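Working notes, structure below.
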Amino acid sequence: QVQLVESGGGLVQSGGSLRLSCAASGRTFSPSIMGWFRQAPGKEREFVAAIAWSGGNIYYTDSVKGRFTISRDNAKNTVYLQMNSLKPEDTAVYYCASSVFVSSFYRSPGTYNYWGQGIQVTVSS
């Protein structure tokens with residue numbers, strides 16, 4: 001019932017920037033928290049950032065603090081991930097996710113109910 005569609009990925013050089021967008025649609029879209037995860041080939045899905053939909057509390061994994069910024073536009077049902085000072089180790093497929101439940105386990109993929117298809121971000125050396 002809920003569809004999440006990521007956009008804004010691509011190829012960028014080290015030190016460059018990208019902004020990912022995640023547009024949600026569906027009659028039942030009413031998230032408690034939305035997050036961004038990423039998964040590199042052969043690796044587990046990794047938490048990147050999350051934002052509470054109502055209060056706007058924000059959480060980041062340590063490796064992106066100071067470089068990435070998560071934000072939301074409630075009226076547009078859209079969440080963003082501004083990525084600055086990109087590094088090759090940021091290369092991954094990035095996924096947008098939504099959870100309808102209140103949870104302190106926002107770092108865990110199992111917390112989230114809906115997922116986008118993922119979008120490739122490649123950072124060259």
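Just so it is clear, the structure is predicted and the values come from calculations on it, not from any experiment.
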Please report the interatomic distance [atom1]([X]) to [atom2]([Y]), rounded to the nearest 0.5 Å.
{"X": "Ser25", "Y": "Asn77", "atom1": "OG", "atom2": "CG", "value": "8.5 Å"}
{"X": "Cys22", "Y": "Glu6", "atom1": "SG", "atom2": "CD", "value": "5.5 Å"}
{"X": "Leu81", "Y": "Arg19", "atom1": "CG", "atom2": "CZ", "value": "10.5 Å"}
{"X": "Arg45", "Y": "Arg38", "atom1": "CZ", "atom2": "CZ", "value": "13.5 Å"}

**Prompt:** Hey, is Lys87 close enough to Asp90 for a salt bridge, meaning N to O under 4.0 Å?
**Reply:**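 Judged by the 4.0 Å cut-off on N to carboxylate O distance, Lys87 and Asp90 do not form a salt bridge.
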Determine whether [X] and [Y] make a side-chain contact, defined as any pair of heavy atoms from C-beta on separated by less than 4.5 Å.
{"X": "Leu20", "Y": "Met83", "value": "yes"}
{"X": "Val79", "Y": "Trp36", "value": "yes"}
{"X": "Ser32", "Y": "Val100", "value": "no"}
{"X": "Glu89", "Y": "Ser63", "value": "no"}
{"X": "Leu4", "Y": "Ser98", "value": "yes"}

Could you tell me whether the side chain of [X] and the main chain of [Y] form a donor-acceptor pair under 3.5 Å?
{"X": "Asn74", "Y": "Ser54", "result": "no"}
{"X": "Ser99", "Y": "Thr111", "result": "yes"}
{"X": "Thr122", "Y": "Thr91", "result": "no"}
{"X": "Arg72", "Y": "Ala52", "result": "yes"}

**Gln120 atom CD: more than 12 heavy-atom contacts under 6.0 Å** = yes
**Message:** For the CD atom on Gln117, are there more than 12 heavy atoms of other groups (residues, nucleotides or ligands in this structure) within a distance under 6.0 Å?
**Reply:**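 Atom CD in Gln117 is not crowded, with 12 or fewer foreign heavy atoms closer than 6.0 Å.
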Same cluster or not: [X] versus [Y], using hydrophobic residues (I, L, V, M, F, W, Y) connected whenever any side-chain heavy atoms lie under 4.5 Å apart?
{"X": "Phe68", "Y": "Leu11", "result": "no"}
{"X": "Met34", "Y": "Tyr114", "result": "yes"}
{"X": "Tyr80", "Y": "Val64", "result": "no"}

**Prompt:** After noting the C-alpha distance and the side-chain angles of Ile51 and Tyr60, does the key distance pass the side chain to side chain contact (heavy atoms under 4.5 Å, CB included) rule?
**Reply:** CA-CA 9 Å; Ile51 184 168; Tyr60 296 104; over 6 Å; no
**Complete:** Asn84 and Ser17 have their tightest heavy-atom pair at OD1-OG, 2.8 Å
**Minimum heavy-atom distance Ser14-Pro88, with the two atoms named** = OG-CD, 3.3 Å
**Fill in**
Apart from Trp115 itself, its cluster of hydrophobic side chains linked below 4.5 Å comprises Ile33, Phe37, Phe47, Tyr59, Val93, Tyr95, Tyr106, Tyr112
